2 protein chains.
Amino acid sequence: MTDVAKRAGVSAMTVSRALKADGAVSDKTRLRILKAVDELGYVLDQTAGTLSSKRSGFVAALIPSLNNSNFSDTARGMERALEQSGLQLLLGATDYVQEKEERLAEAMLRRRPEGIIVTGGDHSPKLRRLLQGAGVPVVETWDLPTDPIEHVVGFSNVGAMRALVHRLYQLGYREIGFLGGAGLRDTRGAARRAGYEAAVAELGLPLGRVIAFGEAPISMDHGSIAMTQMMAHWPGVDAVVCVSDLSAFGAMTECQRRGWAVPGQIAIAGFGDFEVARCCHPRLTTVSVDPMGIGMAAGALLWRSIEAMRAGARLAAEQHPIPYQIIERETT
Amino acid sequence: MTDVAKRAGVSAMTVSRALKADGAVSDKTRLRILKAVDELGYVLDQTAGTLSSKRSGFVAALIPSLNNSNFSDTARGMERALEQSGLQLLLGATDYVQEKEERLAEAMLRRRPEGIIVTGGDHSPKLRRLLQGAGVPVVETWDLPTDPIEHVVGFSNVGAMRALVHRLYQLGYREIGFLGGAGLRDTRGAARRAGYEAAVAELGLPLGRVIAFGEAPISMDHGSIAMTQMMAHWPGVDAVVCVSDLSAFGAMTECQRRGWAVPGQIAIAGFGDFEVARCCHPRLTTVSVDPMGIGMAAGALLWRSIEAMRAGARLAAEQHPIPYQIIERETT
DNA sequence: CTGTTAGCGCCTTCAC
DNA sequence: GTGAAGGCGCTAACAG
């Protein structure tokens, strides 16, 4: 910066101002400075800026998986909401593993983010302490935790899956199965299973029609294998709901390969409204949860909270429920 | 850090050492320090550490899209390769837009990454200058640029698509079409189209069987629409190759909806070996390009280059071609 | 194995 | 609108 200053015939302080959006520098001086910057190929060292200004200029977001359009849409929503703020979004993928979430959060916090967004409401005690002690706003997404850390933007996975099963009941299905993952890594998946179990109990439907295997992320292949197992164990099942559209798609193609008519012999419903659900043949019934809306709401809330914090205030914790919607297509 | 030091009865410097993996501190002292760290909820400020040590501890990777398993697998490969290095990987998505790639790269460089990985070999002149002037190792991936910035890990998209068309010719197809995007945003997509055009010219097949519309990212829906257009314009086409498996899948489901037999009436091949290509019915013929292998090779190469740089040396530019493979399944 | 000193590159604060 | 002084929190370098 000193080199640039010398070349432009000003002080380093003036260069610093010229490189800020709102720096009070005359147009003539700024032009001279920008020319020097360009000639020298100078790139501001934000690391030093962060240290002296105590503003890192970024927020961290932790999502379970990059390669899941639900979460990457959420990330795009956050990016869009933060566009005007000047804050950069730094993403980390936890691979559905709490321990990795913890390590990643700590790595982010060492770089002093001005806010942090996490997925779900189920975190290790250490992570909760870390986030609460970080002194920056926190938003939990994709869930409605009973004991939130601070802000929340999400929906009830239990409620959404429960509503789907009730709808299938209305449509006349009487022996409804569930395909999902084993293990508790995917806490939203576990909540959806709980919603399924609550619904079949309420409706007096036969219990136990559950195939749970494999760890998150549950993929298309899982759905294929789980479907085969389901029909082997419970040949009378007339509809299956799946933890996500990906496994629902795998289940459906398995039916097609085996010559089981969908929805004639067996109905299938997914969760998440992925592109494959809209495009496949027949098209999948599913639950749409507006992932980009979650991201935009979370980003906007975090930004308001950061603005409050910069002004020395503190935004009271907010809860934003996001609506979901059952989308009936051709597989039911 | 001073607070921690006081509590542990040592100097700040000793705390700093205790928090590094290889710091020369006695076990007894370290234990006392870690206890104080825990009690105070202290989190190291890496921003200050970066400033004084001149090591930011992260590398930047720019990919076109997060929600594309090819690129997210590449990212996972890079992460795996960098695991032992202690470097954190920070991802940025360019959405296939050069201007956004440029902005993102500059934002990353302001944070002083120790290395940078970009996708493709086609960048704005300003970005090239920026990367060359950054003084850190650069790896270009997913392509074999004729004029690389420094290191390269990739394959020829032209060659891979050309090989696919030649294989279809061997199988007996004589009127082969191409479905892809319009515009040049997706430079790899443009290269694949060039490979298709080279092949049909070489083989003396009828030219012009190309439907190009829509901007990247080309999705399943694009494939459906493009397929309809293809059959309207060129009803004699007996095989289509697609810029990616996603559009190939959309094309196939469109055929199923319209009652066009695949592969009986029309054969379909995709590109990228996405999960949907392995799982759909019938299964898609495609080109597999080992995205995780690209990521691991790129990450390993970058790490060697960073190690050399830290030792005051400089690794000569390397080119790593990654093999691709045609996978014949049920749609051809 | 531990401590002291100095400085990383920028921005806050104050002065003019 | 511009400049000077000082310090952000840490680590390199050197000393013991």
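Here is how names work: the chains are called A, B, and so on, in the same order as the sequence lines, proteins then strands, and each is numbered from 1. Remember, predicted model here, so these are calculated numbers, not experimental data. Keep in mind that the numbers below use all heavy atoms, side chains included, and drop hydrogens, waters and symmetry copies.
- Checked against C:dG3, D:dC10, D:dT2, the side chain of B:Val10 finds its nearest nucleotide in C:dG3.
- Residue-level contact check: A:Met1 touches the backbone only, with heavy atoms under 4.0 Å from sugar-phosphate atoms and none from bases.
- Residue A:Lys54 contributes atom NZ, which lies 12 Å from atom C1' of D:dC10 at whole-angstrom precision.
- At D:dG1, none of the side-chain N or O atoms of A:Thr29 fall inside 4.0 Å of OP1 or OP2 (strictly under the cut-off).
- Phosphate proximity of D:dT11 to B:Lys20: present, with a side-chain N or O under 4.0 Å from OP1 or OP2.
- In this structure the side chain of B:Glu114 reaches within 4.5 angstrom of the side chain of B:Leu87, judged on heavy atoms.
- Not one side-chain nitrogen or oxygen of A:Ser52 sits closer than 4.0 Å to the OP1 or OP2 atom of C:dC11.
- Within residues 31-38 of chain A, no residue places a heavy atom under 4.0 Å from DNA chain D.
- Nearest-nucleotide assignment on DNA chain C puts the 5′-proximal partner with B:Arg30, out of B:Leu51 and B:Arg30.
- Put simply, A:Ser26 has no side-chain N or O that comes within less than 4.0 Å of OP1 or OP2 on D:dG1.
- Here A:Glu307 pairs with A:Trp303 under the side chain to side chain contact (heavy atoms under 4.5 Å, CB included) rule; sequence neighbours left out.
- Using a 4.0 Å heavy-atom distance criterion, A:Thr2 is classed as making no nucleic acid contact.
- End-to-end axis angle of the helix from C:dC1-D:dG16 to C:dC16-D:dG1, using five pairs per end and rounding to 10°, comes to 20°.
- Dashed line: the shortest gap from a side-chain N or O of A:Lys28 to OP1 or OP2 of D:dG1 is not under 4.0 Å.
- Atom pair A:Gln46:CD and C:dC11:P shows a separation of 9 Å (rounding to whole Å applied).
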